[in-house]
Structure formats: C-alpha cells, structure tokens
2 protein chains.
Amino acid sequence: MEIKSLVRALSGLLAIVAGFMSLCMVVGLAVGEGMSAFRSFGLSVGIGFGSLAVSIVFLRVKKASLSHRTGYLFVVLAWILSTIIGALPFLINGSIKLFVDAFFETMSGFTTTGASILTDVEVLPASLLLWRSMTHWLGGMGIVVLTVAILPMLGLNGRAVMGAEAPGPQVDKFTPRLSQTAKILWLIYLAMTVILTGLLMLGGMSWLDALTHSFGTMGTGGFSTRNASVGAFSSAYIDIVITVFMLLAGANFSLYWAALRGDFRRVAKDTELRAYLGIFAVASAIIVFDLRRSGVFESAGIAARYAAFQVSSILTTTGYATKDFARWPALSQTVILVTMFIGGCAGSTGGGVKVTRIVTLLKMGQSEMRYLLNPRGVYGVFMDGQYLRKNAIYDIAAMVFLYLVAAFVSMLVVASGGYDIVTSLTATMATLGNIGPGLALVGPTCNFSFMPEYIKWWLSFMMLLGRLEVYTVLVLFTSTFWKR
Amino acid sequence: MEIKSLVRALSGLLAIVAGFMSLCMVVGLAVGEGMSAFRSFGLSVGIGFGSLAVSIVFLRVKKASLSHRTGYLFVVLAWILSTIIGALPFLINGSIKLFVDAFFETMSGFTTTGASILTDVEVLPASLLLWRSMTHWLGGMGIVVLTVAILPMLGLNGRAVMGAEAPGPQVDKFTPRLSQTAKILWLIYLAMTVILTGLLMLGGMSWLDALTHSFGTMGTGGFSTRNASVGAFSSAYIDIVITVFMLLAGANFSLYWAALRGDFRRVAKDTELRAYLGIFAVASAIIVFDLRRSGVFESAGIAARYAAFQVSSILTTTGYATKDFARWPALSQTVILVTMFIGGCAGSTGGGVKVTRIVTLLKMGQSEMRYLLNPRGVYGVFMDGQYLRKNAIYDIAAMVFLYLVAAFVSMLVVASGGYDIVTSLTATMATLGNIGPGLALVGPTCNFSFMPEYIKWWLSFMMLLGRLEVYTVLVLFTSTFWKR
C-alpha cells in the first residue's frame, strides 16, 4: 500500500528534522539555558524520533517507492508537518503566544522567506535563535532533497519527489544517481556555510551571530539575531561579505560542481548566470543614481555599498536589510519592487520566479515575433546552445501565469484587511516570492504581527506555494488528484 | 515596389480621417464657431485629402497587396500619422500649447485610452470636443479595419493588416471576405452608437453631450465633455445606460452578428462572455461589500450603482468615472487595480490583455497540472468545445508575458520622474491597458499634464503598444524585421 510508504517516508523526514533540533537543544544546554532548552525542544525531538521508531516497528515497507501522485502529497505534507514540529519550541518556550504566529514564523523559516511576527528578536534565547535560522538552512537546499540524500534506504522514489521540491525548472542531473546528486548539493552548501561563518567571525561577529547569519545568507532566508537586521553590525566588511555570499547562494549550485571539476567554460558561458549578474548590476546602478541625485548618502561609494547589498538581498530573495529602503526615493523603491518579481537562479536556494524562466519567456516572445513576420518559418528557443522543447516552455509559461494569478488573488486577500495597495502588493510578493520584507507597512523595519489571523494563515500558504513553485501545492487542489 | 502600395494605403487612410475631421468642421460652422472651426481643421483636412490626390495622380499601384512585414509597418505608421494630423486642430486652435501634449491627447483618443492632459475640457469649442471624442469612436473599432472596409479598391491585403490591429487573439472570420467582415463590424457598431445617442438624449443630455459620450462609451474611450466626467450629469438613468453600453462595447462583436442571425445558443454558451460577466459581477459585489462596511454610501443600492459603473468602466477599459474611486477604501481600490490587468473581450473595442487570453492561460495551467500528475497522458486545452492548438496558446502566453514586461519597464520610467509606486503602476496600466484614469496622482479627478515631456512621450508609446497588442509594435524593433 502506498500509504505505508508515505508514512514511512514522512517519519524518516521528521526524524531528520528532530536530529537538527536536538543539535539546537545541545547548544542551549551548553550555553547554560539548562532545563529551559530541554523543555523547549524535548517534545518535538520526541515526536520526530518516536514517529520513525513506530513506523519501523509497525510498518513493513519493502523498498516500496512513491508514485508521482503520492510524491506531491509527500512533499506538501513533509513541509507542513516539519513546520508544525518546528513551531512547537517557540510556543513551549513562550516567546510566541499564538499558534498561528509560531506556524507563520516557522513556515517563514523553512521556506526561506524571513518574514517575522516577532517585534523583538533580541530577547530570544540562543537555542531558539539558532533553530530559527537553522530552518532557513534546512529549507534552503530543501528538506526533501536532504531526505533523498540521507535516506535512500527508505525506498523513496527520489525522481518523483525531488522535482516537486527542488527549485527551478530543471535541476541539472549531474550524476546518474539522484541521491548522489542530492549529496553533492548538500556538501557544497555545507562547505560554503562553513567558509562564510569563518569570514563573519573574522569580521568580529560572535559564533552565534556568525552561524545564524551564515544560515540566513546561504539559505537566502533573512532571519537575523538583531532587530535592525544586518544593519545592526554597521560594518562595511560584513555588508560586502554578505552581499557576495547572497549572490553566490542565489546562483545555480550545479555551476559550483562544474567549477570543482574544472569546467570553467560552462560557468563563464551560462546564460542564466549572466542575466542574473546583469540584473544585479543594472538594478544597483539605477538605485545608486537615484540615491545620489536625492542626496541620500554622502558619497557614491557608500550609496553603492547599501544599494548593492539591498539589490542582492531582494533579488536572491534573502531579505536582509542594512537601511530602511522603504524610505528611499520613489525610483529606488520601484526598482526593488520590480526585482521582487524576479528571484534567484534555478538550482539555487533563492525563491521567486527564477531568472531562467524569465529569460526563457523573453526568448519565447522573440521567437514568436520572428514567426509572425515569417509564418512559414520554424523558430526554436535555445538556451545555452540547447534546444528547448515546446513542452518545457509551455510548462514554464503556465507556472509563471499561475504564480501571477496567485499574486493577484493574494493582493485582494491582504487588502481585505484594509491595507493600502503597496502593503497588499509587497506583503504578497514578500511571502509568495520568499523574500521577507516588503514596503510601506511591511517594510524592513516592520513585521507582520499586526495582521489578523486569517491573513497570517493565507500568507503562510503563499510562502509554501512560492517555495514549492506553485504546481506542487496546486496539484492537490485539482479533481484529477483525488480521482482514482 | 511595396513602398508604393504602402504610401497609397496610408494616403487612403489619412483621407478617411480627414473626412471625419471635415464633419467636425461642418458642425463647428453650423454651431457658429465660424472661421475658428475652419482654421482649426483646415490644415489637417487639406493634408489628408491632398495626400490621397497626390498618391492617385503620381503613384501607379495595380491592386498590389502588402506583405506581412509591410502590413505591420503600415498599421503602426497609420496610427502615428493619424495621431499627428488629428493633433493639429488642438494646436492651431490654441487649446493645447505643446506638441507633446496634443500628441498625447490624440493618441489617447485613437487608442481609446481617455487619459488627458487638459485641466479644463469645458472651455473647448464644440467642434474640438466632438473631434476629441470621435477619435475614440474611430480608434475603437479600428481605423485600419475601417480602411479595409471602405477601401478594398486600394488593394490592401486585409489579411496581413487586420490581424495586426484587430483586438483579441482571433477575430471570428464570420464571412469569407475580410472587407465584408469589417463592414458588418462597423455597421453593428454604428447602429449601437445611434441607439445609445438616442437613449442619452432621452435622459436629458444635449445632442453634443449625447454624441460624444456615445462615442466614448462605444469606443471604450473615456473622454468626456465635462471635467467631472459622467458624474457631472448626476443621473441614475444615465449611469445605468452607460454601464450597460460599456459592457456591450466590451463584449465580442461577433456575438452580435450571431444574435442577429438568430444563433442565440452560441451567445449563451460563449465561455469568454460568461467569464467576462462573472468577473464584472464578482468585482462589483466585492466593492459593494467594501463600500458598505466602510459606510461610504447610504444604501446598498446606491453603492451598487456606483460600483457597477466603475467596474464596468475599468474592466472594459473605458475610464469614465462617476465618483472619485481613488478615495474609496483599500479593498475597493485593489479590486480596481486588479481589474486593470484584465480588459474587455476579444473582438470588442475594449483594451487590456482580454478575458479570453486569461481564460486560455488558466486552462493551460490546469492541463499542465493534469499532465504533471500523469506524464503519459495527453491533455489538450478546449475553448467553446474547440481544441486550441499549442501554437495558439504559445502565442497568447508570449503576448501576455511581453505585455507584463512592458508594464514593469514602464513603471520604472514613470517612477524615474519621482512619482510613488501606485502612481507609477497605475499610470502604466491606465495607458498600456488603454483605460485612462489610474489611482493616486493620476486618479479620476486628476490628469497627466504635470508629467515631464519624456514621460508623456513614453506613455503615448505605451498606449499604442497596448492598443496594437504588443506584437505589432515590438516586431518593428526586431532585427529580423529590418533584415532582408
């Protein structure tokens, strides 16, 4: 029965999450939080490991694999259940009072959104701050991808499942075995996180600040240990290091694998990477121009430091802030808003529509115009020298359209709370695009705590919809899914 | 040589425009404007008829037809030249001082946008008010379509040309001869205009007000003879009549032809019509709910009158106003903003993306999800029982994407003038969607006169891009077009 495989796979995943939570608990004990850390995490850790034990003892699953359909259900349930057990420590500890708030905060963590309902994060104990940022790190590369890497013995049909979670239209299958690919991705990710943590500590951060900001940066999340986000450290060195690593985290990880094997040509010629860096450069330049003409900063150099940080943060969907960009002049804000609709690269930890999809659709428009001029011609779309099948483009176009429809519906839901257009629009993009901060009432110095419960539930749903790239979630709402 | 056919076709079109301008001149003379009316229109009328005379005398064209490529060039030039000779009367008369303003106003007229740079329209003489609204009427059904209808002897290859201007993905070819189809469309349009004018005069409007508002309504334009737009008449009867006729003008005209032949089944089962009326009903209902809970109007009935008028006006891209909806509560404004992205039906005089494209893309998303659940299945998209070829959907997806890219770029251009996000966004949609008013600084009680020249040129370009549905204009910017 498929249901057995499903339960077994879910229990394995929860045990992995519990494993990471127990790390945070140990850290809490080590820094002297004592029983408090134990109490906060105990229940979730118990549920996670307990469910695996129960499923091993009572469910006999013989290397069964999940069908396509169950694969989608598995991925969505995996994210929801992880969010629930991930939310418990905040509630038990008392740092978050309402279940909806804890759910929102944890979903925001796992989906690498970084939108918060906390008005003061600095009062949280170290163990919870660490866990809060660790959800970014786990969700960034993908908890399901991690499960595929760690537990092939669970008999998970990775092919059905990984596509439903991995970001971007086509994650390069650079090894024949999927669990192998997943392992390589995670190892590169881990190595970069270690390097970044070291660099941040060199810049004077404590181990906790360095580790949490490293998680937030590499996962393109955005949770900080400070209320003023990265701006609290007031260090040009830290700003620059994080700007660079956000950009690295938002690029396609398979390029790093190519670089490690010495294939630098592939990296240099990658269309998406060029477009991504081009967008970063142009958007930063416009903002520097706008900030300078309005006299916001004393020099072009300082303006460039803040503009590059902010564009990198929004484009990669991280969401850190070093200045309150909601107070920047109109053109700068508009550039940031437009950037919110783009997102990182495929195969990165970044969210949003993804650069490759936008490039593909632009090429599609171009080929369509050639066709209009010469209806008897045959015009294909090529990406990195490879012909893209019509079906692949079709898939991308439909995804982008459904994404935008979701955005429009979401704007109406948020506006029903009586919020202005800029708040409704950017609260939607901040969550659906897994970015974090928006503009107006949800600007970088604000948070989402003031919103009514139904909007928090809705926006949590938008985060999941965005992180799983629309299809995986929407598929569950089709009649075809439930029909046998 | 194709250039000869092109010039001949353009001269024919300009003569037609000149014909309509001389009607306005005659009216001006009749109401006692005397030499002033003669001076205002004389030059344009002379240019129009003169160019036809010259081309007949000097150009020998033997029923030559235009290629696809020249067809696009013809349509774009037709619109630009018509706008230029249409703008001269405002300049000569002195009611508009700057050429860019007169160009903006006339482009806004022909494209049925209805955005104005005039701060006081009530001071214009009758002949100019009539001409200003007549541009809506001519542009609504299409000046090129009109040319195809009137001048088949010019040897215009209608098939290459009409598709480049006619609104919507597929204008039903309901007669085998294209000039016949064009004639029928124009006759239905004319008849409805006459009926509406009569109904408005019954409501107490003067002949000039009735005729101009009839032009503005049937062309889904939005220019009024009053500064307070339709609201100036404060008549429930007029509000309701115009609401109904805006909806009629925004529906597919081939349905009226079907109804005239007694094929009511076709009308009743039309998917796009149902979706269009459904959107109208839902959007109006949400606004009524929102207005009532905020206590804006004294009763649900009065709220319904204003809400229905406004939704109809925005959805059909007309742009008339009976209340300053930029002061309505947040949810109502957001509904109006979302409606701006939709537009009328294919084969109507309405602008925007068009309902049928949105329905098609939604169905595309649905079929894509079925395919993801069952990758071996074959799922087609059907519209009104007819299978849509992948190429047709592909074409629609690319158009909608390019439309949105244009919108994003335009937002940045407007924002470069230092205007806030809502102004930048809605000024873009108001022009690209051929609607007219937006929100904030370009709300229904405002106008575009305050903007710098480069933004006025840009927005004029957006109007044309929107009216000709992106491709026709963008094609001229491809290298393929200019390569031989």
Side-chain angles (χ1 to χ4, degrees), chain A residues 68-69 72 286 290 294 329-331 333-335 337-338 341 358 361-362 364-375 390-391 393-395 397-402 404-405 408-409 411-412 414-426 439-440 470-472 474-475 478 480-481, chain B residues 68-69 72 286 290 294 329-335 337-338 341 358 361-362 364-375 390-391 393-395 397-402 404-405 408-409 411-412 414-425 439-440 470-472 474-475 478 480-481:
Chain A
H68 259 282
R69 179 193 304 223
Y72 287 111
I286 298 176
D290 191 42
S294 318
L331 179 58
Q333 287 195 40
T334 310
V335 170
L337 177 63
V338 171
F341 282 85
I358 289 168
L361 294 182
L362 282 175
M364 175 197 194
Q366 195 184 26
S367 90
E368 195 59 28
M369 284 192 279
R370 290 209 181 112
Y371 172 78
L372 285 174
L373 285 172
N374 186 3
K390 281 234 164 172
N391 275 349
I393 301 171
Y394 200 81
D395 181 83
M399 181 268 171
V400 172
F401 183 72
L402 291 177
L404 292 173
V405 170
F408 280 120
V409 173
M411 264 187 83
L412 293 174
V414 180
S416 74
Y419 307 115
D420 65 287
I421 287 178
V422 176
T423 299
S424 304
L425 174 59
T426 59
L439 296 165
V470 188
Y471 284 137
T472 302
L474 281 193
V475 137
T478 61
T480 319
F481 186 85
Chain B
H68 258 279
R69 179 194 306 222
Y72 287 110
I286 297 176
D290 191 43
S294 319
L331 179 58
S332 300
Q333 287 196 41
T334 310
V335 170
L337 176 62
V338 171
F341 282 85
I358 289 168
L361 294 183
L362 282 175
M364 175 198 193
Q366 196 184 25
S367 90
E368 195 58 27
M369 284 193 280
R370 289 206 183 115
Y371 172 78
L372 285 175
L373 285 172
N374 186 1
K390 281 234 163 169
N391 275 349
I393 301 171
Y394 201 79
D395 181 82
M399 181 269 172
V400 172
F401 182 72
L402 292 176
L404 291 173
V405 170
F408 280 120
V409 173
M411 264 188 82
L412 292 174
V414 180
S416 74
Y419 307 116
D420 64 288
I421 287 178
V422 176
T423 299
S424 305
L425 174 60
L439 296 165
V470 188
Y471 285 137
T472 304
L474 282 194
V475 138
T478 61
T480 319
F481 186 87

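Throughout, protein chains are lettered first and strands after them, A, B, ... in sequence-line order, and every chain is numbered starting at 1. Side chains are part of it too, since the values below use all heavy atoms of this structure and drop only hydrogens, waters and symmetry mates.
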field: Non-hydrogen atoms of B:G365 and A:A398 that approach each other most closely
entry: CA-CB, 4.0 Å
- request: Give me the one residue out of B:L361, B:I358, B:L362 that meets side chain to side chain contact (heavy atoms under 4.5 Å, CB included) with A:V405.
  value: B:L362
At a 4.5 Å cut-off on heavy atoms, which part of [X] comes close to chain B: side chain, backbone, both, or neither?
| X | result |
| --- | --- |
| A:L337 | side chain |
| A:F401 | side chain |
| A:L412 | both |

Quick one: pull up [atom1] in [X] and [atom2] in [Y] and give me the separation to the nearest 0.5 Å.
| X | Y | atom1 | atom2 | answer |
| --- | --- | --- | --- | --- |
| A:E368 | B:Y394 | CD | OH | 7.0 Å |
| A:L425 | B:T334 | CG | OG1 | 9.5 Å |
| B:I421 | A:I421 | CD1 | CD1 | 11.0 Å |

- request: Determine the option with the most heavy-atom pairs under 4.5 angstrom with chain A, choosing from B:L474, B:L372, B:V338.
  value: B:L372
- line: Pair count under 4.5 Å, heavy atoms only, with chain A: among B:S332, B:P375, B:A397, highest is B:P375
query: What do the steps show when you test B:L404 against A:F341 for side-chain contact (heavy atoms from CB on, under 4.5 Å), and what is the final call?
result: CA-CA 11 Å; B:L404 291 173; A:F341 282 85; over 6 Å; no
Is it the side chain or the backbone of [X] that comes within 4.5 Å of chain A heavy atoms, both, or neither?
| X | answer |
| --- | --- |
| B:L373 | both |
| B:D420 | backbone |
| B:T478 | side chain |

Pick from [options] with the largest number of heavy-atom pairs that fall under 4.5 Å of chain B:
| options | answer |
| --- | --- |
| A:V470, A:I393, A:V422 | A:I393 |
| A:K390, A:M399, A:M411 | A:K390 |
| A:Q366, A:R370, A:M369 | A:M369 |

